[in-house]
Amino acid sequence: MSPGRIPSGIAGPTRSRTYVVSATITIETGVTVSETLANLMQEDRSFPPSEAFTTAANAKPGLHEEAEVDWLGWWERNAKERVTWFKEPSIVLDDSNAPFFKWFSDGELNVSYNCLDRHVEAGGGDKIAFHWVGEPGDGRTITYADLLAEVGQFANGLKSLGVGKGDRVAIYMGMVPELAVALLACARIGAVHSVVFGGFSADSLADRINDASCTAVITQDGAWRRGKVVDLKGAADEAVAKTTSVEHMVVVRRTENDVDMVNGRDIWWHDLIEGQSTECAPEVMNAEDLLFILYTSGTTGKPKGIVHTQGGYLTGVTTTSHYVFDYKDDDIYWCTADIGWITGHSYIVYGPLANHVTSVMYEGAPNFPDNDRLWQVVEDLGVTIFYTAPTAIRAFMKWGDEYVERHDLGTLRMLGTVGEPINPEAWMWYHEKIGGGTCPIVDTWWQTETGGIMITPLPGAVATKPGSATIPFPGVKPDVVDDRGESVPLGGGGFLAIRRPWPSMLRTVYGDDQRYLDTYWSKFENMYFAGDGAKRDEDGYFWLLGRVDDIMLVSGHNISTTEVESALVSHEAVAEAAVVGRKDEVTGQAIAAFVTLIGNTEGTPELLQELRNHVAGALGPIAKPASIVFTPDLPKTRSGKIMRRLLKDISEERQLGDVTTLANADIVADIASQAATSTTDE
Ligand code: 6R9
């Protein structure tokens with residue numbers, strides 16, 4: 001092992017420490033312990049912004065302080081400056097029926113007008129909105145004027161089918177330009193879109209169509225994925241057969257595979273828009289009318305239809321986009337998420353377009369035709385801002401540096417991550433290999449429910465630390481609290497909660513106000529419960545520690561999965577790691593680790609012991625994994641988050657839970673067979 005790979009901050013037991021942060025409390029497990037969440041890891045590296053970046057940055061010094069002085073005034077000012085209203089709101093926040101908060105509730109606007117018309121009217125129609133890159137190698141360049149015309153035409157097409165204000169439309173597509181057009185066309189006519197990720201099954205689609213009684217479905221013949229056609233239309237047909245509300249299905253032709261068109265119900269996209277005017281007057285919407293529903297897949301139970309509305313959502317995503325991504329007129333921005341997730345809604349469609357930015361939209365897999373596809377695109381299009389997920393970064397690390405080194409990534413000036421905690425060593429790899437050691441990295445914490453970014457560095461204004469999402473976005477007030485909802489002092493860990501409403505917050509769970517109250521507002525009084533564990537360091541920086549359901553309880557200490565995983569990833573041989581607490585008679589729970597190695601490294605018994613000792617050295621003996629299983633992959637949700645629940649089932653030799661939401665179901669059986677033979681308890 002090369003010593004250079006071990007972060008100085010976690011080099012040995014002398015630097016690890018455990019804070020006992022609150023009086024004796026009882027957590028969910030029913031076991032009495034004397035802390036909310038242990039803080040074992042310390043990271044000392046810090047990266048202040050360069051002077052050049054700071055001078056040109058959108059975020060000027062003092063922004064956070066200014067927002068703190070008058071947080072409602074801050075949001076009001078952003079709403080008025082960044083959003084074009086048909087009728088300006090006179091009310092900022094209506095909290096008379098909290099936690100059913102309303103924002104800008106007497107304002108009127110149209111979100112698609114804000115994303116398109118106002119830029120074209122101001123003379124910006126020729127600017128490129130999307131460089132669309134098809135997986136097979138085709139592509140399209142779409143200007144703001146083009147997009148406005150296509151949205152107008154399709155909006156008129158939807159209207160001709162009788163779709164109007166308030167109707168729910170399910171969208172089940174791949175990453176083609178028509179997907180963005182479909183969202184914006186719904187927004188234009190006031191229809192509520194419900195995007196269902198194109199990788200979900202027919203049953204998932206049927207559940208979501210039924211939950212919101214969607215009257216129309218927009219889909220494709222097929223989608224390209226790793227050179228193969230995914231039969232979206234077939235799945236949509238199967239889904240709609242299990243529903244009663246759908247009257248129309250619009251089908252984009254993309255892969256030209258054979259599909260069955262149902263007479264009277266189905267229509268090709270190109271036939272629908274034929275002869276339609278490109279002009280469609282934007283519907284005047286109240287700020288609190290529904291804009292969209294997006295289901296959180298959730299690891300258990302029925303998916304929740306997260307409801308977002310118009311004025312607050314747009315204010316939130318346009319403001320965060322401007323400051324976090326630091327857009328400049330000549331930027332080429334690329335968020336690699338799928339529009340089927342909130343990240344794509346907020347930071348491919350609404351936030352960037354409202355800011356008149358040029359974006360890249362890529363249709364396919366990151367490893368098609370080879371592992372360097374993304375870097376090829378960065379080089380070809382001169383991408384300047386790149387926003388991706390830790391799971392992707394860990395895959396790049398696993399594939400090896402040579403794919404990155406094939407390309408000139410010199411145009412990049414800023415990087416971002418979202419979706420999971422990023423292990424400090426993955427952050428360092430991203431910083432050095434992709435960012436050339438100079439690009440600021442924004443590690444952005446937020447959720448489908450928050451609509452927009454909540455905890456994040458502002459590039460140019462905030463020094464970053466590998467693995468920390470740093471500090472709250474101006475005006476946002478998160479806290480780390482104990483089980484009683486009391487703030488945990490700096491240096492300690494606990495539950496992440498949010499103490500103030502914010503404009504882009506969810507308004508409810510579709511059709512289920514009680515579930516909204518139970519899930520988010522009943523754990524703590526007057527605080528939003530995010531479901532994540534977190535700690536703050538002495539500088540007040542936030543470190544996200546994973547979902548609280550995953551926290552392990554070892555010999556009376558609550559240990560976060562993230563810290564042990566990060567300690568494993570800090571070993572030079574490790575690309576990715578997942579840990580879970582499995583039942584243990586002596587310690588309550590014992591730490592079971594699952595590790596993916598870099599490149600062709602072999603998982604030997606010696607390496608296994610070395611990794612256990614490495615973790616003990618970094619975090620202290622309490623965090624030493626009892627067992628380690630080497631695996632070529634880890635079970636992930638379709639949005640790339642590690643599914644620890646299944647690993648726990650394997651570790652405790654239980655019947656496996658539901659695997660239908662997995663992106664890579666095969667790996668679970670592989671891991672289970674290995675786990676049976678590889679216990680390393682001393
Ligand atoms: C945007 C998105 C939300 C959950 C969230 C948390 C995890 C997201 C993170 C992060 C640590 C970050 N998460 N960003 N954890 N650091 N920067 O991912 O929304 O799919 O609803 O997931 O993702 O656990 O609670 P969503």
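The cationic group of Lys465 lies under 6.0 Å from the six-membered ring centre of Tyr541 and within 45° of the ring axis, placing it in a cation-pi geometry. Taking the ring centre of Phe542 as origin, the terminal cationic atom of Arg536 falls inside the region bounded by 6.0 Å and 45° from the ring axis.
Proximity of His407 to Val378: side-chain heavy atoms (C-beta onward) are nowhere separated by under 4.5 Å. The side-chain heavy atoms of Thr54 and Pro48, taken from C-beta on, include no pair separated by under 4.5 Å. For the pair Thr343/Cys335, a side-chain contact is recorded, criterion being any heavy-atom separation below 4.5 Å from C-beta on. By the 4.5 Å heavy-atom criterion applied to side chains, Gln589 and Lys648 are counted as neighbours. Side-chain contact between Lys636 and Glu576: present, with at least one pair of heavy atoms (C-beta onward) separated by less than 4.5 Å. Residues Ser570 and His614 form a side-chain contact, since some pair of their non-hydrogen atoms from C-beta on lies under 4.5 Å apart. Annotation: side chain of Thr604 is not in contact with side chain of Phe630 (no heavy-atom distance under 4.5 Å). Thr596 places a side-chain heavy atom less than 4.5 Å from the side chain of Leu634.
With 3.5 Å as the limit, one finds a donor-acceptor pair spanning the side chains of Ser639 and Thr637. Checking Asn613 against Gln609 by side-chain atom types alone, no donor-acceptor pair falls below 3.5 Å. Side-chain N/O atoms of Thr411 and Thr384 include no donor and acceptor closer than 3.5 Å. Counted by atom type alone, Asn367 and Arg226 present one or more donor-acceptor pairs between their side chains at under 3.5 Å. For the residue pair Gln42 / Asp44, a side-chain donor-acceptor distance below 3.5 Å is found, with atom types taken as modelled.
For the side-chain contact (heavy atoms from CB on, under 4.5 Å) criterion with Ile551, the lone passing option out of Thr561, Ile559, Thr36, Asn558 is Asn558.
Between Phe396 and Trp375, the distance from one ring center to the other falls under 6.0 angstrom. A distance of 6.0 Å or more separates the ring centres of Trp445 and Phe473. No close placement of the Trp341 and Tyr347 rings is indicated, their centers lying 6.0 Å or farther apart.
Put simply, the side chain of Ser566 gets close to the backbone of Thr562: a donor and an acceptor are under 3.5 Å apart. Put simply, the side chain of Lys433 never gets that close to the backbone of Met428: no donor and acceptor are under 3.5 Å apart. Side-chain N or O atoms of Arg582 include none that pairs as donor or acceptor with a backbone N or O of Ala590 at under 3.5 Å. In terms of modelled atom types and a separation under 3.5 Å, the side chain of Asp584 and the main chain of Val586 share a donor-acceptor contact. Distance alone, capped at 3.5 Å, places no donor-acceptor pair between the Trp427 side chain and the Asp443 backbone. The backbone N or O of Ile332 lies less than 3.5 Å from no partner atom in the side chain of Tyr327, so there is not a single donor-acceptor pair.
In this structure, OG on Ser359 lies 11.5 Å from CG on Leu381, to the nearest 0.5 angstrom. With rounding to the nearest 0.5 angstrom, the CD atom of Gln376 is 14.0 Å from the OH atom of Tyr403. Between the CG atom in Leu490 and the CD atom in Glu538 there is a gap of 6.5 Å [rounded to 0.5 Å]. Here the OG1-NE2 distance, from Thr587 to His557, works out to 11.5 Å after rounding to the nearest 0.5 Å. Atom CD1 of Ile455 sits about 8.5 Å away from atom OG of Ser468, to the nearest 0.5 Å. To the nearest 0.5 Å, atom CG of residue Asp532 and atom CD of residue Gln447 are 5.5 Å apart.
One finds no salt bridge joining Arg612 and Glu610 here, because no Lys/Arg side-chain nitrogen approaches an Asp/Glu carboxylate oxygen to under 4.0 Å. Comment: Glu425 does not engage Arg394 in a salt bridge, judged by the lack of any side-chain N to carboxylate O separation of less than 4.0 angstrom. Taking the charged nitrogens against the carboxylate oxygens, Asp326 and Arg413 do have a contact shorter than 4.0 Å, which makes a salt bridge. Arg547 and Glu420 are not joined by a salt bridge, as no carboxylate oxygen comes within less than 4.0 angstrom of a charged side-chain nitrogen.
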Decide yes or no on side chain to side chain contact (heavy atoms under 4.5 Å, CB included) for Thr631 and Ile667, but give the supporting numbers first.
CA-CA 8 Å; Thr631 163; Ile667 197 68; 3.8 Å; yes
Apply side chain to side chain contact (heavy atoms under 4.5 Å, CB included) to the pair Asn58 and Val324, showing each step before the final yes or no.
CA-CA 8 Å; Asn58 290 354; Val324 177; over 6 Å; no
Please assess Trp429 against Asp401 for the test side chain to side chain donor-acceptor pair (under 3.5 Å), listing each intermediate value before the final yes or no.
CA-CA 10 Å; Trp429 184 91; Asp401 297 356; 3.0 Å; yes
Side chain to side chain donor-acceptor pair (under 3.5 Å) between Thr448 and Thr296, intermediate numbers included:
CA-CA 7 Å; Thr448 305; Thr296 53; over 6 Å; no
Determine whether Val564 and Lys624 satisfy the following criterion, side chain to side chain contact (heavy atoms under 4.5 Å, CB included), listing intermediate values before the conclusion.
CA-CA 8 Å; Val564 181; Lys624 189 173 185 172; over 6 Å; no
Under the side chain to side chain donor-acceptor pair (under 3.5 Å) rule, what do Thr444 and Tyr387 come out as? Steps first, then yes or no, please.
CA-CA 10 Å; Thr444 60; Tyr387 186 38; 2.6 Å; yes
Go through the steps to decide whether Phe594 and Val580 satisfy the test side chain to side chain contact (heavy atoms under 4.5 Å, CB included), and finish with yes or no.
CA-CA 9 Å; Phe594 299 82; Val580 297; 4.2 Å; yes
With side chain to side chain donor-acceptor pair (under 3.5 Å) as the criterion, how do Asp537 and Trp543 come out once you've worked through the C-alpha distance, each side chain's angles and the decisive distance to 0.1 Å?
CA-CA 8 Å; Asp537 66 18; Trp543 298 76; 3.1 Å; yes
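Shortest non-hydrogen contact noted between Glu565 and Asn423 is C-ND2, 4.1 Å. Between Ala593 and Pro625, the shortest heavy-atom distance links the atoms CB-CB, 4.1 Å. Residues Glu135 and Gly364 approach most closely at OE2-CA, 3.3 Å, considering heavy atoms. When all heavy atoms of Thr464 and Thr470 are compared, the pair lying nearest together is CA-CG2, 4.2 Å. Ala57 approaches Gly460 most closely through the heavy-atom pair CB-CA, 4.1 Å. The two residues Thr417 and Pro390 have their closest heavy-atom pair at CB-CD, 4.3 Å.
Ring orientation note: the planes of Phe325 and Tyr333 are tilted relative to one another, at an angle of 30° to 60°. Using cut-offs of 30° and 60° for the angle between ring planes, the His431 and Phe47 rings count as tilted.
Within a 6.0 Å radius of NZ in Lys583, no more than 12 heavy atoms belonging to other residues, nucleotides or ligands are found. For Glu51, the CD atom is loosely surrounded, since the number of other residues' heavy atoms within 6.0 Å does not exceed 12.
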